[in-house]
Protein chains: 4
Amino acid sequence: MTIDQLDPTPLWVQLAAIIRDRIKAGDYAPRQPLPSESQMQQEFGIARGTVRRAMRALAEEGWTVTVQGRGSFVAPQESWPKDA
Amino acid sequence: MTIDQLDPTPLWVQLAAIIRDRIKAGDYAPRQPLPSESQMQQEFGIARGTVRRAMRALAEEGWTVTVQGRGSFVAPQESWPKDA
Amino acid sequence: MTIDQLDPTPLWVQLAAIIRDRIKAGDYAPRQPLPSESQMQQEFGIARGTVRRAMRALAEEGWTVTVQGRGSFVAPQESWPKDA
Amino acid sequence: MTIDQLDPTPLWVQLAAIIRDRIKAGDYAPRQPLPSESQMQQEFGIARGTVRRAMRALAEEGWTVTVQGRGSFVAPQESWPKDA
DNA sequence: GTGGTCTAGACCACT
DNA sequence: GTGGTCTAGACCACA
């Protein structure tokens with residue numbers, strides 16, 4: 001899955017969906033670090049602010065935990081949304 | 001085909017699809033100029049910025065080439081996307 | 001109350017607090033429109049993105065309702081946070 | 001005044017003294033931003049950590065106020081040290 | 001006019 | 001190196 005600039009869905013929504021799917025699929029394991037913001041910025045060819053907005057959405061949903069100076073991590077599975 | 005203001009798809013996406021189809025159909029031949037931005041603006045009854053965004057998308061896909069001060073042209077067929 | 005650039009509190013938090021207080025005080029009445037984003041931008045001398053972040057926070061708390069193309073409004077009092 | 005690499009006085013002490021003198025002299029006005037850390041780094045040819053240590057000293061003395069994400073500012077004159 | 005999205009860049013604290 | 005904040009500007013749909 002990838003970002004589609006022609007898709008009217010906001011890019012940050014698309015990115016959040018991609019990362020969410022990877023977490024569900026186990027590509028990113030609980031308590032393990034996610035790629036850094038700048039890595040995602042490069043991988044998907046979008047601005048850092050867009051990456052940050054996607055990450056904030058995931059954190060608010062309970063999928064991830066963000067720590068200043070260290071990075072974002074997959075949340076422990078207990079705190080995942082129940083409709084997952 | 002025409003622009004549908006009630007369709008939630010962004011207008012520039014709709015316009016890009018229309019132009020793309022015309023190129024595929026041969027209505028606009030390779031290396032020939034496309035209608036000017038202001039012509040499209042009138043033909044479809046949309047804002048010039050919308051036209052520009054559609055043209056930019058087509059150029060990024062490889063369908064068109066934009067030359068400052070002269071206009072946009074249908075790209076040589078070799079550079080068209082392969083999934084076309 | 002006003003924005004203090006020397007206060008380490010993020011500007012958007014300061015702005016949200018100001019607007020929240022004005023709503024509580026009745027300066028902005030329920031169902032009435034708030035100043036536009038550009039008006040706040042000028043009144044407080046901050047960037048529009050900062051204004052938007054403050055407005056989003058207030059909307060998430062239930063103080064305001066934002067409608068694209070029309071503006072932000074004070075929410076009906078029933079939906080205000082209970083700890084207010 | 002300038003940094004003297006041969007002076008046994010720590011570089012951050014020297015730098016802090018320079019900035020402190022500029023504030024007293026009015027070269028940097030109250031509530032106005034100081035040069036960024038990277039600017040000082042270049043102007044004086046020293047490491048960024050050295051700049052940060054000097055700035056921290058000035059902030060602790062009450063000469064400056066540092067705000068995350070925004071920069072360092074000259075403190076309001078009321079909060080300056082009295083033995084100045 | 002309004003708010004919504006995205007970009008690019010700067011600067012900071014923290015590890 | 002990481003994430004956190006702020007700025008400035010562009011462009012869009014919407015009303």
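A, B, ... follow the sequence lines: proteins, then strands. Residue 1 opens every chain. The structure displayed is predicted, hence computed values, not measured ones.
Contact check, C:Ser36 against E:dT2: a side-chain N or O comes under 4.0 Å of OP1 or OP2. An OP1 or OP2 oxygen of E:dT2 is reached within less than 4.0 angstrom by no side-chain nitrogen or oxygen of C:Ser72.
Using a 3.5 Å distance cut-off with no hydrogens or angles, the side chains of C:Ser72 and C:Thr66 do pair a donor with an acceptor.
Pairing each heavy atom of A:Met40 with each of A:Ile19, the nearest pair is CE-CD1, 4.0 Å. Residues C:Val74 and C:Pro30 come closest through the heavy atom pair CG1-CA, 3.6 Å.
Note: CH2 (C:Trp12) to C1' (F:dT7) measures 17 Å, nearest angstrom. Atom P of nucleotide E:dG9 and atom CD of A:Glu37 are separated by 17 Å, given to the nearest angstrom. We find that CZ of C:Arg52 is positioned 8 Å from C1' of E:dT5, with the value rounded to whole Å. Distance CZ (C:Arg56) to P (E:dT2): 20 Å, rounded to an integer number of Å. For the pair A:Arg70 CZ and F:dG3 C1', the interatomic distance rounds to 11 Å; values are reported in whole Å. One atom, CE of D:Met55, and another, C1' of E:dC12, lie 12 Å apart when rounded to the nearest Å. Between the CZ atom of C:Phe73 and the P atom of F:dA15 there is a distance of 11 Å, rounded to whole Å. Nucleotide F:dT5 holds its C1' atom 14 Å from the CG atom of C:Leu15, rounded to whole Å.
Out of E:dT7, F:dA15, F:dG4, the shortest distance to the side chain of A:Thr66 is found at F:dG4. Among F:dT7, E:dA10, E:dC6, the nucleotide with an atom closest to any side-chain atom of A:Arg48 is E:dA10. The nucleotide whose nearest atom lies closest to any side-chain atom of A:Pro10 is, among F:dT5, E:dT5, F:dG3, E:dT5. For C:Ala47, whose side chain is taken as the heavy atoms from C-beta onward, the closest listed nucleotide among E:dT7, F:dT7, E:dT15 is F:dT7. Comparing atom distances between the C:Ser38 side chain and each of F:dT7, E:dA13, E:dT2 picks out E:dT2 as nearest. Each of E:dT7, F:dA15, E:dC14 was ranked by its minimum atom distance to the side chain of A:Gln68; first place goes to E:dC14.
Pair check for F:dC14 finds E:dG1; Watson-Crick or G-U wobble, both atom distances under 3.5 Å.
The 12-atom threshold is not exceeded at CD of A:Gln42, counting heavy atoms of other residues, nucleotides or ligands nearer than 6.0 Å.
Using a 4.0 Å heavy-atom cutoff across all strands shown, C:Arg53 reaches sugar-phosphate atoms only and no base atom.
Taking the charged nitrogens against the carboxylate oxygens, A:Glu60 and C:Arg56 have no contact shorter than 4.0 Å, which rules out a salt bridge.
Residues C:Gly71 and D:Leu34 both approach DNA chain E. Their nearest nucleotides, taken by heavy-atom distance, put C:Gly71 toward the 5′ side.
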